[in-house]
Amino acid sequence: MTTTWKIAQLDRLTADGFITCAHWTVNAVDGDYTAGSYGTCGFAAATPAIPYAQVTEQEVLDWCFASFVDKDAIEANLAANIELQKNPVTAAGVPW
């Protein structure tokens with residue numbers, strides 16, 4: 001399974017350019033099976049202290065992982081979702 005984390009959007013203060021919120025996505029792919037998740041991570045003004053114009057995507061992801069985004073748990077949930085797609089335990093339909 002391959003996972004790809006991305007920052008979809010950043011919210012910032014216009015007065016000083018400090019980031020207040022990161023919107024993240026993660027997608028997992030295992031062959032023909034995919035699963036994804038989306039969330040946000042908020043920061044107090046000027047914490048972390050890298051202005052919008054100077055920050056990298058990886059730095060923001062690292063802030064999220066250091067805050068409340070549990071990378072390992074989210075990736076485990078995506079893996080479980082893909083496993084259920086491969087080996088479903090329920091089905092729907094009609095017999096006719």
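All values derive from a computational prediction rather than experimental measurement.
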Hey, could you give me each pair passing salt bridge (charged side-chain N to carboxylate O under 4.0 Å, His left out) that has a residue in residues 61-75? Not counting sequence neighbours.
Lys71-Glu75
Between Thr20 (side chain only) and Asp11 (backbone N and O only), is there a donor and an acceptor less than 3.5 Å apart?
yes
Roughly how far apart are Ser67 OG and Phe43 CZ, rounded to 0.5 Å?
5.0 Å
OG1-CG distance between Thr2 and Asn27, expressed to the nearest 0.5 angstrom:
11.5 Å
With sequence neighbours left out, which residue pairs that include part of residues 21-38 fulfil the salt bridge (charged side-chain N to carboxylate O under 4.0 Å, His left out) condition?
Asp30-Lys86
Of all heavy-atom pairs between Ala22 and Val60, which one has the smallest distance, and what is that distance?
CB-CG1, 3.5 Å
Nearest-0.5 Å distance that lies between atom OH in Tyr52 and atom CZ in Phe18
14.5 Å
If the plane angle is over 60° it's perpendicular, under 30° parallel, otherwise tilted; pick one for Phe65 and Trp5.
perpendicular
Sidechain-backbone polar pair: Gln9 side chain, His23 backbone, donor-acceptor under 3.5 Å
no
Please report the interatomic distance CG(Leu13) to CD1(Ile19), rounded to the nearest 0.5 Å.
10.0 Å
Tell me, with the steps shown, if Ile74 and Val69 meet side-chain contact (heavy atoms from CB on, under 4.5 Å).
CA-CA 8 Å; Ile74 291 168; Val69 177; 3.7 Å; yes
Heavy-atom pair of closest approach, residues Glu59 and Gln54
OE1-O, 4.1 Å
When Ile, Leu, Val, Met, Phe, Trp and Tyr are grouped by side-chain heavy atoms lying under 4.5 Å apart, directly or through other members, which residues fall in the same group as Leu84?
Val89
Is there a donor-acceptor pair under 3.5 Å between the side chain of Glu57 and the backbone N or O of Lys6?
no
